[in-house]
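Contents: one structure, followed by commentary.
Side-chain atoms are counted along with the backbone in the values below, which use heavy atoms only and exclude waters and symmetry mates. Start at 1 and go down the list; that is how both ligands and their atoms are numbered.
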Amino acid sequence: MTEDTSRMPYQLPFPRDAQAEIVIPNAADCDDRLWVPQAKNVWFRPLCLNRSQGYWMNLLKVRKAGVLSRHRHPQPVHGFVLKGRWHYLEHDWIAEEGGYVYEPPGETHTLVVPDDVEEMITYFQVNGVMCYVDPWGSVTGYEDVFTKIDLCRKHFAEAGLGEDYVDQFIR
Ligand code: FE
């Protein structure tokens with residue numbers, strides 16, 4: 001008789017050099033101190049800051065209407081709207097609660113939160129770098145996984161959690 005292995009966990013050790021998983025219950029509904037300020041009334045909540053592959057996963061929370069930023073993506077971005085609504089000046093679609101957005105490499109767009117939205121929360125995976133630009137494409141600033149980690153360290157230290165608090169999100 002052969003043994004039924006359908007419910008048997010994997011029996012071998014994981015690769016010696018594999019990294020630990022990250023598990024965050026209720027990621028959006030967290031202690032205020034975990035929301036890292038990015039601008040006035042704009043915060044991000046780190047989930048996975050992947051320095052080895054150069055991307056970051058975060059929740060972006062915005063409590064203001066109007067233009068948030070204009071930026072170019074040399075690499076793809078995936079977004080899932082958890083709350084509220086937003087759009088880009090360059091496109092006629094609207095990203096709404098429950099909706100998914102793929103931003104292909106080469107996109108330059110200007111993110112706007114409509115006046116009637118009190119709070120927007122979107123889960124973003126951003127790869128590589130985000131370049132902030134003027135309307136003609138001149139770069140005015142950038143963000144990458146390392147600037148995100150630095151912002152987290154500074155904020156977590158100031159919030160009394162210690163700058164090492166970010167380490168749990170870094171892979
Ligand atoms: Fe974007």
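Neither side chain, Lys61 nor Gln38, offers a donor N or O lying under 3.5 Å from an acceptor on the other.
Looking only at distances, no side-chain donor or acceptor of Asn26 sits under 3.5 Å from a matching main-chain atom of Asp29. The backbone N or O of Leu60 sits nowhere less than 3.5 Å from a side-chain atom of Asn58 that would complete a donor-acceptor pair.
Within the protein, the N, O or S atoms sitting under 2.8 Å from the Fe ion (ligand 1) are His71 NE2, His73 NE2, Glu103 OE1, His109 NE2.
Between Arg45 and Asp32, no side-chain nitrogen of the basic residue sits less than 4.0 Å from a carboxylate oxygen of the acidic one, so the salt-bridge criterion is not met.
Between His91 and Trp93, the two ring planes are parallel [angle under 30°; tilted spans 30° to 60°].
For the side-chain hydrogen bond (donor to acceptor under 3.5 Å, both in side chains) test, residues two or more places apart in sequence or in another chain that qualify with Tyr88 are Glu103, His109.
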